[in-house]
Amino acid sequence: MINATEVVKELQEMRDNGYLSDALLRQAVKRIAASDERFDWVGVYLLNKEGDELWLHNYVGDPTEHAKIAVGQGVCGVAVQEKQNQNVPDVTERENYLACSPHVQSEMVVLIRAGDEIFGQIDLDSEEPAAFTDDDEDALQAVSDKLAEQIAAERR
Ligand code: SME
């Protein structure tokens, strides 16, 4: 289980020391991936300027064919379209699921957002079925919210 309090504190310290969102996004992905064996692939996608595609910023795990995902496509694109986090216990039940690896069984997407404005998302894959819990979502949301603070500050 990820220790969100600790990671959020670390990200805030990075902010205080002048690190930009690029560094924070990489550190968050590394920390999350190392925190739990259930997390087989962890990455951050950012919404492009036009707001119609997600672009892969950084990840831990195997390379993916899906470095760009159109809004509305796959679990990732649906999260943006519906402005809602996704917890998919069985990826085979999602019609437009985009497979990164044949071993993945469940997926969670947590949005990086400031209110209605979506900056991107943290995407997690697991090779276990129904790997993700509400507690995971809460912890990941706390990390996402800290990332969103820095992204918003850089866009001002
Ligand atoms: N499975 C995702 C695509 C991204 S990969 O998991 C890395 C989806 O359906 O949107």
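Every number for a ligand or one of its atoms is a count from 1 in the order of the listing.
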*Asks:* Apply side chain to side chain donor-acceptor pair (under 3.5 Å) to residues His57 and Asp22 and explain how you reach the verdict.
*Replies:* CA-CA 8 Å; His57 174 274; Asp22 183 69; 2.8 Å; yes
*Asks:* Write down the atom of Ile122, the atom of Leu140, and the distance for their closest heavy-atom approach.
*Replies:* CD1-O, 4.2 Å
*Asks:* Is there a salt bridge (charged side-chain N to carboxylate O under 4.0 Å, His left out) between Glu149 and Lys146 once you walk through the steps?
*Replies:* CA-CA 5 Å; Glu149 263 183 58; Lys146 186 50 71 182; 3.1 Å; yes
*Asks:* Please tabulate, one pair per line, all N/O donor-acceptor pairs under 3.5 Å involving side-chain atoms of residues 64-84, not counting sequence neighbours.
*Replies:*
{"from": "Thr64", "atom 1": "OG1", "to": "His66", "atom 2": "N", "distance (Å)": "2.9"}
{"from": "His66", "atom 1": "NE2", "to": "Ala99", "atom 2": "O", "distance (Å)": "3.0"}
{"from": "Lys83", "atom 1": "NZ", "to": "Asp116", "atom 2": "O", "distance (Å)": "3.1"}

*Asks:* Among pairs that include at least one residue of residues 85-95, which meet side-chain hydrogen bond (donor to acceptor under 3.5 Å, both in side chains), considering only residues two or more places apart or in two chains?
*Replies:* Asn85-Glu137, Asn85-Gln141, Gln86-Arg94, Asp90-Thr92
*Asks:* Would you please name every residue forming a ring-ring contact (aromatic ring centres under 6.0 Å, His included) with Tyr59, sequence neighbours left out?
*Replies:* Trp41
*Asks:* Name the residues in contact with ligand 1, where contact means a heavy atom under 4.0 Å away: which are they?
*Replies:* Trp41, Tyr45, Thr64, Ile69, Gly74, Val75, Cys76, Tyr97, Leu98, Cys100, Glu107, Asp123, Asp125
